[in-house]
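One structure below.
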Amino acid sequence: MAHWLFKTEPTECSIDDFAKAPNSAIVWEGVRNYQARNMLRDEVKKDDLVLIYHSSCKLIGVAGIARVVRESYPDPSQFDPLSAYYDEKSSVQKPRWVAVDLIFTRKLPAIISLDKMKSSAKLRSLPVVQKGSRLSVMPVNDTQWQDILHLG
DNA sequence: GCCAACGTTGGC
DNA sequence: GCCAACGTTGGC
């Protein structure tokens, strides 16, 4: 079982949105970067655990944990002209983007801040703390997973 | 709101 | 297939 970190702007989808619907799958849609898509499509598997990371907000960092309940399938938002994620170059016959479904696991008692992760020597190789890393889907290895949660 | 660091696009 | 111009991301 692998571990991941998914970025989200809490104004779009926050850990509280997960917590409010603990029994319903959340469609993780809108990934529009090829490198992130490839991981989502090829490597993110059912039962993998995901750190939900809040970005572009006041309290930047890991807010909670979710679990993959459905592996990649065509992202419905790419076909929806009314969606902000609509892609006119994509088609149902040849979809370009994928989504996965997640379910709430738990909210952390406190956000594990980006600052805190950056100041941990153990986490220097973690993609999210590296300069210029903008991927919205990033791998987290087992050791890093433990180290991150121990910061909390 | 700024801007560095990436990613994408399109002319050649 | 190169690369300049442009667009986006996201921390600050």
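So that the names make sense, note that chain A is the first sequence line, chain B the second, and so on, each numbered from 1. Atom set for the values below is all heavy atoms of this structure, side chains included, hydrogens, waters and symmetry mates excluded.
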inquiry  = Rounded to whole Å, how long is the line connecting atom CE of A:M117 with atom P of C:dG11?
reply    = 10 Å
message = With a cut-off of less than 4.0 Å, is there a side-chain N or O of A:K118 near OP1 or OP2 of C:dC12?
response = yes
message = Can you classify the ring geometry of A:H3 versus A:W145 as parallel (below 30°), tilted (30 to 60°) or perpendicular (above 60°)?
response = parallel
key: Rounded distance (Å) that lies between atom P of C:dT9 and atom CD of A:E12   = 11 Å
task = Check whether any side-chain N or O of A:K7 sits under 4.0 Å from OP1 or OP2 of C:dT9, and answer yes or no.
result = no
task = Nearest 0.5 Å please: distance from the CE atom of A:M138 over to the CD atom of A:Q144.
result = 11.5 Å
request  = Could you tell me whether A:D17 and A:K20 make a salt bridge, using a distance below 4.0 angstrom between a side-chain N and a carboxylate O?
outcome  = yes
inquiry  = In this structure, how many angstroms lie between the C1' atom of B:dT9 and the CZ atom of A:R96, rounded?
reply    = 12 Å
remark   = Expected string for nucleotides 2-7 of chain B under the B/S/- scheme (protein heavy atoms, under 4.0 Å, primed atoms plus P, OP1, OP2 as sugar-phosphate) is ---BBS
query = Do any N or O atoms from the side chain of A:Q78 and from the backbone of A:D87 form a donor-acceptor pair under 3.5 angstrom?
reply = no
query = Is it true that a side-chain atom of A:S56 and a backbone atom of A:E9 form a donor plus acceptor pair closer than 3.5 Å?
reply = no
task = Could you state the atom-to-atom distance from CD of A:Q130 to C1' of C:dG11 in whole Å?
result = 15 Å
ask   = In whole angstrom, what separates A:Y53's OH from C:dT9's P?
value = 15 Å
inquiry  = In this structure, how many angstroms lie between the P atom of C:dG10 and the CZ atom of A:F6, rounded?
reply    = 14 Å
task = Please confirm whether A:W97 and A:Y73 have ring centers closer than 6.0 angstrom.
result = no
ask   = Can you tell me how far P of C:dG11 sits from CD1 of A:I111, to the nearest Å?
value = 12 Å
